[in-house]
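Here is the structure we will look at, set down as C-alpha cells.
For this chain, numbers begin at 1 and follow the sequence in order. Counting starts at 1 for both ligands and their atoms, following the listed order. Note that the coordinates shown come from a computational prediction; the quantities given were computed from them, not determined experimentally.
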Amino acid sequence: MSFRPRYTGLIERYRDFLPLSDDARIISLGEGDTPLIRLNNIPKELPAEVAIYVKYEGLNPTGSFKDRGMTMAITKTVAAGNHAVICASTGNTSASAAAYAARAGLIAFVIIPEGKIAQGKLAQAMMHGAVIIQIEGNFDDGMQIVKEVSSQAPVEIVNSINPFRLQGQKTAAFEIIEELGRAPDYHCLPLGNAGNISAYWMGYTQFYQEGIVTKRPKMCAYQASGAAPFLRGHPVINPETVATAIRIGNPQSWDLAWAAQRESGGWFDEFSDEEILAAQKLLAVKEGIFCEPASAISIAGALRDVKSGKIPAGSVITCTLTGHGLKDPDTAIKQSTGPVIKVKATLTEVKQAILANLENLK
Ligand code: AN7
C-alpha cells in the first residue's frame with residue numbers, strides 16, 4: 001500500500017484557485033474532502049434511470065458546509081489583523097464561526113433568533129466560547145443589525161456577504177468535478193440566504209473557464225414553502241419552516257442566485273414541511289444517511305423532478321446535504337415512527353419482542 005499525505009484542509013488543497021497571499025497563516029480544521037455517496041436504493045423506485053450522488057457536507061468539522069467558507073473568512077480576518085468576528089445565523093454559521101474563531105484565537109459574536117435554532121448548533125456555539133446574542137426576532141432582523149453594527153464596531157462580518165465565504169464554499173464544486181471526472185448534469189441544493197448556490201456556480205464556472213470541464217450543471221434550488229422569497233419574487237416578512245436552517249425571508253445573495261439559475265438553465269421550487277421531513281426520513285431509512293431537515297429538501301427536489309420528467313433518464317445528479325442530522329435531534333425524534341419497545345430486562349421478553357417484530361416485518 002502507499003501512504004497518502006495528511007489532509008490539511010481545502011485552502012492548501014485548492015490554493016491555486018483561491019485569492020490568498022502566500023504568507024497567510026491558514027486557519028483550518030481539515031474541512032472539505034467530504035464523501036460523494038451514490039444512492040443505491042432510492043433511485044430503484046424512480047420511473048427513470050438516473051445516477052444520484054449526495055455530497056455529504058454534514059461530515060465537515062462542525063457538521064455543515066459553512067466550514068468551507070469559514071476557513072477562508074477567518075484566515076482572511078487573521079491576515080487583516082482583526083480580532084473579532086460577527087455573524088447573524090440560523091445556527092450553522094454560528095457554530096462554524098465559533099469553532100474557527102476559537103481555533104484562531106479570535107472573539108466571535110453570534111446573533112441568533114430566539115427559540116428557533118436547533119439544539120446541536122446552539123450547543124456548538126456555546127461550547128466554542130462564542131458570545132451569543134439572542135434576539136427577539138428572526139435571521140433577517142439579525143442580518144440587518146450585523147450589517148449596521150459592523151460599520152460602528154471593530155468586528156468583521158463572516159456571513160456569506162463576506163466575499164471570502166463564497167470563495168471557500170466554491171471548492172465543493174471542485175471536489176465533485178474531480179470525483180465524477182466531469183460536471184453533473186443537475187445540481188440540487190437547498191436555498192436559504194443564497195450564498196451556497198452562488199458559490200457552487202462560481203466553482204463550476206471557474207473549472208469550466210479553466211477548461212477543466214466542458215459543461216456546467218443546471219442549478220436546481222429548493223425552498224420551504226413558508227420561507228420561499230425566490231418563489232414569491234420578493235422578500236417574505238415572517239418566514240416559517242421546520243427546517244430552521246433555511247428560515248430566511250430576505251436572502252442576501254438575491255441577484256447572484258438568480259444569475260446562477262438563469263445562466264445554468266436551472267430552476268427554483270418549493271416544498272411543504274411535511275415533504276421536507278419525509279425526504280429526510282426516506283434518506284435515513286433507505287440509504288443510512290442522516291442529514292438535517294433543510295438539507296433533505298435537495299433530495300425532495302431531485303426526486304420530484306425525476307418523477308415529473310423535468311430531469312430526464314440518464315442524468316447524473318448531485319445533491320448537497322448541507323448539514324448533519326445530529327444538528328437537530330429534537331426534530332428527528334419528534335417525527336420518528338420507529339417503535340421503541342419497552343420490556344423487562346429478561347431474555348424471554350427481549351426474545352419475544354424480536355420474534356414478534358421479525359414476524360411483523362415479513
Ligand atoms: C443546513 O447558518 O444561513 O442558501 O445562518 O444551515 O447558502 O444560505 C444557514 C443556511 C442550507 C442555506 N442548509 O444555505 C446560517 C444559514 C443548511 C444551512 C442552508 C443553510 P444558503
Side-chain angles (χ1 to χ4, degrees), residues 54-60 62-70 73 86-99 108 110-113 116-118 120-122 124-125 130 135 138-143 146 157-162 165-166 168-170 172 187-203 219-224 227-230 239 241-254 256-258 260-261 268 271 276 279-280 290-301 319-328 331:
V54 296
K55 184 69 171 155
Y56 197 13
E57 291 288 276
L59 293 192
N60 274 297
T62 77
S64 87
F65 72 99
K66 303 287 182 183
D67 295 341
R68 291 183 185 273
M70 209 54 73
I86 189 166
C87 65
S89 180
T90 57
N92 279 325
T93 301
S94 67
S96 187
V110 306
I111 299 196
I112 56 171
K116 297 287 183 176
I117 136 166
K121 305 174 188 179
L122 183 59
Q124 289 176 288
I135 56 167
N138 60 29
F139 170 83
D140 303 302
D141 300 321
M143 194 64 240
V146 162
I157 299 185
V158 292
N159 280 103
S160 56
I161 56 172
N162 177 324
R165 278 279 312 277
L166 300 195
Q169 284 171 219
K170 75 182 179 186
H187 190 108
C188 304
L189 78 173
L191 182 56
N193 207 27
N196 215 27
I197 184 178
S198 310
Y200 270 93
W201 188 238
M202 272 174 52
M219 301 299 297
C220 309
Y222 309 96
Q223 302 212 281
F230 283 98
T241 169
V242 69
T244 52
I246 50 172
R247 186 172 166 270
I248 295 171
N250 187 16
Q252 297 299 307
S253 296
W254 181 259
L256 284 176
W258 280 114
Q261 178 268 326
F268 299 146
F271 287 89
I276 292 170
Q280 184 195 19
F290 192 18
C291 68
E292 68 172 283
S295 312
I297 207 167
S298 61
I299 298 297
C319 295
T320 308
L321 301 180
T322 45
H324 202 289
L326 291 171
K327 291 273 190 175
D328 191 355
T331 304

Heavy-atom proximity to atom 10 (C) of ligand 1, best of Gln252, Arg165, Lys66: Lys66
Contact partition for Ile246 relative to ligand 1, non-hydrogen atoms under 4.0 Å: side chain
Test side-chain hydrogen bond (donor to acceptor under 3.5 Å, both in side chains) applied to Glu292 and Lys327, Gln280, Lys121, the passing residue: Lys121
Heavy-atom side-chain contact between Met219 and His187 under 4.5 Å: yes
Side chain, backbone, both or neither: Ala245 near ligand 1, heavy atoms under 4.0 Å: both
Numbering as shown, the atoms of ligand 1 that approach Thr322 to under 4.0 Å (heavy-atom distance): 1 (C), 11 (C), 13 (N), 17 (C)
Numbering as shown, the atoms of ligand 1 that approach Ser89 to under 4.0 Å (heavy-atom distance): 2 (O), 5 (O), 15 (C)
Residue list, ring pair (Phe, Tyr, Trp, His ring centres under 6.0 Å) with Tyr222, at least two apart or on another chain: Phe271
For Thr90, the ligand 1 atoms whose distance to one of its heavy atoms is below 4.0 Å: 2 (O), 3 (O), 5 (O), 9 (C), 15 (C), 16 (C)
Cys291, Ser295, Ser64 screened by side chain to side chain contact (heavy atoms under 4.5 Å, CB included) with Thr322, the one that passes: Ser295
Residues forming a ring pair (Phe, Tyr, Trp, His ring centres under 6.0 Å) with Phe65, sequence neighbours excluded: none
Check: Ala194 N/O within less than 3.5 Å of ligand 1 N/O: yes
